[in-house]
Q: 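One structure follows; several queries about it will come next.
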Amino acid sequence: MEKQIQKQVERRRTFGIISHPDAGKTTLTEKLLLFGGAIQMAGTVKARKAARHATSDWMAMEQQRGISVTSSVMKFNYEDFEINLLDTPGHQDFSEDTYRVLTAVDSALMVIDSAKGVEKQTRKLMEVCRLRDTPIITFINKMDREGMDPFDVLADIEETLNIECAPLSWPVGMGKEFKGVYSLHDKRLHLFSATHNGGINQGMVIDSLDDPTLDKELGLQADKLREDLELLEGAGYPFDAERYLAGKQTPVFFGSAINNFGVHELLDSFVQLAPHPQSRPAVEREVSPFETSFSGVCFKIQANMDPQHRDRIAFVRINSGKFTKGMKVRHHRIGKDVQISKATIFMAQDREGVEEAWPGDIIGIHNHGTIKIGDTFTEKEPLKFTGIPNFAPEIFRRVILKTPLKAKQLQKGLTQLAEEGAVQLFRPTQNNDYILGAVGMLQFDVIQSRLQDEYGVDAIYEPVELYTARWISCEDKIELARFKKGAARYLALDADENLTYLAPSRWRLDDAVETWPNISFHKTREHE
Ligand code: G4P
């Protein structure tokens, strides 16, 4: 068993992609799935359709089985590696889940648009990665378009994100003049040829910088490449695996996802460099993935979109041991044993017939609302994993009940939805308002329709002027009591009755932090 676990852990990679909308996350994901043989496609346009088709196939399948978890986890194989790509919802469906997914990965891939550099959403997601010093590999995309000078992109990443860049590949030209990518590791140049068929593009490879073919193919750009490489040698950071694993340095690759160029090199390096499932902290102790006894933690709950099926799926990341279908595990928060007979083990293809899962894998457990985010499951040892927090919301709404008689249902609905992590609920200490907080707009729409469908409550929203929320803690009881009195009009309790400061403006928050130096204002809150 020990040997088997070791082998399964070492061949697994569980990661998420961080990027700003439009940088190319979807395109890159498709290409990675293509290399992994999880999807096949003939041409880029067709490919998109094929991908859509594939997605809807999964959805149909999921609906039949009464679940809807469309592509939340994409599993694929590459060489001897088994890769779990966890989707980090972007665009409109950007939500707290996007943040929380990043607490369940062992590493991240950052996609940057070469013309835009580091953008807002990437900065936010990077902050989440910092919470656990998650190792990050960077892919600078769209080299086939005019963009920033590669040195400037690196400087932008280093300055904005405060992380060292260690280029492992280097581009020759960009836009119309984009000629290829030089691998600093293999010391070979891979010449670019646009592929419009979406297939796997081998292209021509030049093995040495001194090869006359280089000058023949690149002309003056050959000299520029040699100069750039000299400059990098003098001024750049050499790759340092330890610094990468500590989240202090990011290896950088250049390419063009849409042309499937640079993606192969990226994937080759990714499986070699990125860490296998790592130890996870629990309140009691650190849990190693190599331990033979099963343990896992819930990091996301997804409600069924089909109103016929009220069940929810709890996404559980396996942290140690082996999971077998039908296994009995202990659900520690409620102190009960549960038999997990209907667990879904996520695969991009052929989900049927999978009977076991290993550390780094994600399983989906059906439940009717008994599982909360942060809940731990083990074979027997009582454990409570940490590091899967709530994140301070960034947008707020006041809930107005249209039928006052339904106040009880509203309270129940909002409390349950908050437990699921769909939204955060705050009750100001000085009035009876219901304030909802979220990190993405779509969360409010989802809550409104779920209140209607699942609890029969008609509610509307009203804007409320709030900047952010901070969870409060203070060892000194007298100081805390003084604070509660002094800042009463800004205080609220969240769904778990934790004291929260609702800041109407950034200025007010800064002022409160300065006025109350012994009070801690937390941006995240661990689940109890
Ligand atoms: P996202 O998931 O990060 O939001 O990005 P997505 O992959 O959807 O890509 C956003 C747009 O950028 C798409 O164009 C896509 O085709 C384009 N794109 C992605 N990678 C590259 C690249 O390497 N080079 C170039 N030139 N473009 C790239 P769109 O016009 O918005 O959509 P579509 O009509 O192509 O689907």
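For ligands, and for the atoms within them, numbers begin at 1 and follow the listed sequence.
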Q: Please could you name the atoms of ligand 1 that S256 approaches to less than 4.0 Å, counting only its heavy atoms?
A: 22 (C), 23 (O), 24 (N)
Q: Pick out which of K300, R312, K372, R100 makes a salt bridge (charged side-chain N to carboxylate O under 4.0 Å, His left out) with E420.
A: R312
Q: Of the side chain and backbone of R145, name the one, both, or neither that has a heavy atom under 4.0 Å from an atom of ligand 1.
A: side chain
Q: To which of M143, K25, H20, E146 does the heavy atom nearest atom 3 (O) of ligand 1 belong?
A: K25
Q: Hey, what do you get for CD (Q249) to CG (D240), rounding to the nearest 0.5 Å?
A: 5.5 Å
Q: For F81, does the six-membered ring have the charged nitrogen or CZ of R11 within the cation-pi criterion, i.e. under 6.0 angstrom from the centroid and within 45° of the normal?
A: no
Q: For atom 20 (N) of ligand 1, tell me which residue out of I17, V111, N141 has the closest non-hydrogen atom.
A: N141
Q: Looking at non-hydrogen atoms alone, which of I258, L28, D22, D144 comes nearest to atom 21 (C) of ligand 1?
A: I258
Q: Start with the C-alpha distance between T138 and T250, add both sets of side-chain angles, then the distance that settles side-chain hydrogen bond (donor to acceptor under 3.5 Å, both in side chains), and finish with yes or no.
A: CA-CA 6 Å; T138 301; T250 176; 2.7 Å; yes
Q: Looking just at side-chain N and O atoms, do N84 and K75 make a donor-acceptor pair shorter than 3.5 Å?
A: yes
Q: Examine the proximity of ligand 1 to P21 and report which part, side chain or backbone, both or neither, has a heavy atom under 4.0 Å away.
A: backbone
Q: Does the N or O separation between T27 and ligand 1 drop below 3.5 Å for any pair?
A: yes
Q: Apply the side chain to side chain contact (heavy atoms under 4.5 Å, CB included) test between F391 and each candidate in E96, K124, K523; give the one that qualifies.
A: E96
